[in-house]
There are 2 protein chains.
Amino acid sequence: MALIDRTLDTIELRLLGMLQDYARVSQADMARTVGLAPSAVLERLRKLEARGVIRGFAAVLDPRAVDLGQLAFVAVRVSGSGEQEENAGARLAAVPEVLEVHHVAGEDCYLLKVRTRDAQHLGALLRQRLGRIPGVVSTRTTVVLETVKETSRLPLETRTDLKAVQGHEAVADVEVTP
Amino acid sequence: MALIDRTLDTIELRLLGMLQDYARVSQADMARTVGLAPSAVLERLRKLEARGVIRGFAAVLDPRAVDLGQLAFVAVRVSGSGEQEENAGARLAAVPEVLEVHHVAGEDCYLLKVRTRDAQHLGALLRQRLGRIPGVVSTRTTVVLETVKETSRLPLETRTDLKAVQGHEAVADVEVTP
DNA sequence: CGTGAAACGTAAAGGGA
DNA sequence: TCCCTTTACGTTTCACG
């Protein structure tokens, strides 16, 4: 797939930026902002989704409002063959309270991001659900006291943007002697 | 605010579930699914947003597609007064590549989730941007080799749901002798 | 990529349980 | 308070140029 690495143009970056800020923005608004027809915006969005650049659209909820006020990171040590290790990863990922599973460098094989109601429920999850997964040898938990920032918004390179600005609007503000 | 702890009913949980799965779902679709008029759905969504239950709607992008293929978790040790500590947290949070800043229990004050282009850029970020923040004493970085699961979807209690099903559809499938 | 028209969705007003 | 219907307006979608 040569397409997967195809670079994103200015318009696509601006569309992605708008969608990261507010996924329910209308195509018409995007069209007005980037100066395209709505149909062209729709086409670009479809292609971005097909290319896998856009993975999905998610509502972001307040964890406390759904009784998941306790956040923790859990380092899980796994023993056994590579196959058994992968299997443990998949079983960790299958737990709904486990929001993230990362395979990390170092002695602790997996790093998990976990949300539970409170510390008690966290303890129960560790012992009853995670600890019982075959291959899981030990866990080391870091409890989060307060979250200062939490976003999935990726910083989009504005380099292409700047280039384009220099090549279009900016030149209108500058004396050019041909 | 007594409203902040008000519990969510079955319909609200279903709306939130739909929005978590696909934030661009139309109100009309939600209305059909939960069996309400579109206007009632609109009203509920507005209240959920006003209550802060819904924090926002975000597009989820493939980090590699925007040249942020290197994920890492960074434990940051901070020295100084409580005020200086908070200030360091705010400055860490201001870095776009720093997606999350959590204040954690234990000797390492902050745990960060960071995305960069590659290991080189990660190193540069650590030295040039994070290391220069006043109060930051040291950092310990865990590099992610592979992400098995990464979602922001919170598991919603289906207990209320099940009750409702028992009270409605389920009874239709069951012999009831009055 | 844009146009145009049909199909569809949204949001506000008004009223009822 | 919560929900419904109605209605005017905006948006999405698709065939076509």
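Nothing here was measured: the structure is a model prediction, and the numbers come from that model. Residue numbers begin at 1 in each chain, while the letters A, B, ... track the order of the sequences.
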* Asked: With sequence neighbours left out, which residue pairs that include part of residues 85-95 of chain A fulfil the salt bridge (charged side-chain N to carboxylate O under 4.0 Å, His left out) condition?
  ->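 Found none.
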* Asked: Which pairs, with at least one residue in residues 16-26 of chain A and sequence neighbours excluded, count as a salt bridge (charged side-chain N to carboxylate O under 4.0 Å, His left out)?
  ->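 Counting only pairs at least two positions apart or across chains, the salt bridge (charged side-chain N to carboxylate O under 4.0 Å, His left out) contacts touching residues 16-26 of chain A are A/D21-A/R153.
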* Taking a hydrophobic cluster as the set of Ile, Leu, Val, Met, Phe, Trp and Tyr residues connected by side-chain heavy atoms closer than 4.5 Å, whether directly or through intermediates, do B/L36 and B/M30 fall within one such cluster? ->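 Same cluster: B/L36 reaches B/M30 through Ile, Leu, Val, Met, Phe, Trp or Tyr contacts under 4.5 Å.
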* To do: Do nucleotides 10-17 of chain C as a string where each nucleotide becomes B, S or -: B if the base has a protein heavy atom under 4.0 Å, S if just the sugar-phosphate does, - if no protein is that close.
  => SBB-----
* Asked: Are the side chain of A/R51 and the backbone N or O of B/A65 linked by a donor-acceptor pair below 3.5 Å?
  ->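 No; zero donor-acceptor contacts below 3.5 Å.
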* Asked: Within the distance-only criterion (no hydrogens, no angle test), does the side chain of A/Q84 pair as donor or acceptor with the backbone N or O of A/P134 below 3.5 angstrom?
  ->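 Not confirmed, A/Q84 side chain does not pair with A/P134 backbone.
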* Would A/K113 and A/E150 pass as an ion pair if we require N to O under 4.0 Å? ->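 Between A/E150 and A/K113 there is a salt bridge, with a charged N closer than 4.0 Å to a carboxylate O.
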* To do: Please list, in 5' to 3' order, the outermost nucleotides of DNA chain D lying under 4.0 Å from any heavy atom of chain A.
  =>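 Contact boundaries, 5' end first: D/dT11 to D/dC14.
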* **Bend angle of the helix from C/dG2-D/dC16 to C/dA17-D/dT1, end axes from five pairs each (to 10°)** =>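 That helix gives 30° between its end axes.
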* Enumerate the residue pairs fulfilling ring pair (Phe, Tyr, Trp, His ring centres under 6.0 Å) with a member in residues 19-63 of chain B, sequence neighbours excluded, ordered by first and then second residue. =>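 Sorted result for residues 19-63 of chain B: A/Y22-B/F57, A/F57-B/Y22.
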* Answer yes if the ring centres of B/Y110 and B/H102 are under 6.0 angstrom apart, and no otherwise. =>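 No, the ring of B/Y110 stays outside the 6.0 Å limit from the ring of B/H102, centre to centre.
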* What pair of heavy atoms forms the shortest contact from A/V98 to B/K149, and how long is it? ->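 It is O-NZ, 2.8 Å.
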* To do: Could you check whether B/A37 gets within reach of a base, just the sugar-phosphate, or nothing at all, counting any heavy atom under 4.0 Å?
  =>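 Here B/A37 touches the bases of the nucleic acid.
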* To do: Determine whether more than 12 heavy atoms belonging to other residues, nucleotides or ligands lie under 6.0 Å from atom CZ of A/R140.
  =>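 At most 12 heavy atoms, drawn from other residues, nucleotides or ligands, come within 6.0 Å of this atom.
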